[in-house]
Amino acid sequence: MSSPSGARRARPSMAQVIGGARRELEQLTSRPVDSVTSVQRDGEGWVLELEVVELERIPASTSVLGSYRVDVDGDGHIAGYERTHRYYRNQASEGELP
């Protein structure tokens, strides 16, 4: 997309998209993002999978996490998100471990 002066606007890097999505999702959910488990290009935007600490417990292995699909537009801002899975931190997902 061009600016009014005709110069092309730089697209955000993957690192910038991840950092921005983490900060925005933390603001939207009022919960800390624990990790990024997936990042993929989707046309002009991005699709991320972020793990959010929804309920912090002691010991930490019993904390409840939510897995969120986050759609990011071409400018690096969240266009939408949804929780796709909720689990205890100490739960291993099927198929990930031998």
Side-chain angles (χ1 to χ4, degrees):
M1 182 171 258
S2 296
S3 68
S5 65
R8 278 187 74 97
R9 189 171 28 130
R11 290 169 51 179
S13 69
M14 183 183 291
Q16 291 169 325
V17 168
I18 291 169
R22 286 181 72 125
R23 286 187 297 276
E24 280 190 57
L25 190 62
E26 286 177 349
Q27 289 176 345
L28 292 167
T29 64
S30 299
R31 302 280 181 223
V33 172
D34 187 67
S35 62
V36 179
T37 56
S38 174
V39 181
Q40 295 181 339
R41 276 287 218 180
D42 184 29
E44 289 294 313
W46 301 80
V47 177
L48 289 76
E49 192 80 22
L50 303 177
E51 305 302 309
V52 173
V53 179
E54 295 193 338
L55 181 60
E56 198 162 348
R57 292 185 173 167
I58 298 175
S61 60
T62 61
S63 293
V64 178
L65 279 76
S67 183
Y68 284 75
R69 175 195 160 109
V70 180
D71 297 313
V72 178
D73 65 22
D75 293 325
H77 299 288
I78 291 180
Y81 71 93
E82 70 175 317
R83 183 175 64 198
T84 58
H85 183 65
R86 198 166 191 223
Y87 60 96
Y88 292 105
R89 185 183 295 276
N90 63 3
Q91 282 182 315
S93 296
E94 288 184 34
E96 288 187 10
L97 301 175

| query | Nearest 0.5 Å, what's the CG-CD distance between D34 and E56? | reply | 9.5 Å
| message | Quick check: closest heavy atoms across G74 and P12, and the distance to 0.1 Å? | response | O-CD, 3.3 Å
| task | Ignoring hydrogens and angles, tell me if any N or O in the side chain of E24 forms a donor-acceptor pair with the backbone of A21 under 3.5 Å. | result | no
| query | Is there a side chain to side chain contact (heavy atoms under 4.5 Å, CB included) between L65 and Q91 once you walk through the steps? | reply | CA-CA 10 Å; L65 279 76; Q91 282 182 315; over 6 Å; no
| Student check: side-chain heavy atoms of V64 and Y87 closer than 4.5 Å | no
| query | Does D75 reach the main-chain N or O of H77 with its side chain, forming a donor-acceptor pair under 3.5 Å? | reply | no
| Would a 4.5 Å heavy-atom cut-off, applied to side chains only, mark E26 and R31 as touching? | no
| For D42, side chain to side chain contact (heavy atoms under 4.5 Å, CB included) partners two or more places apart | V47
| said: Once side chain to side chain donor-acceptor pair (under 3.5 Å) is applied, do any residues pair with S67, and if so which ones, sequence neighbours excluded? | reply: E49, E51
| query | If you link I, L, V, M, F, W and Y whenever their side-chain heavy atoms are under 4.5 Å apart, who else ends up in the same group as I18? | reply | M14, V17, L25, L28, V33, V36, V39, W46, L48, L50, V52, Y68, V70, V72, I78, Y81
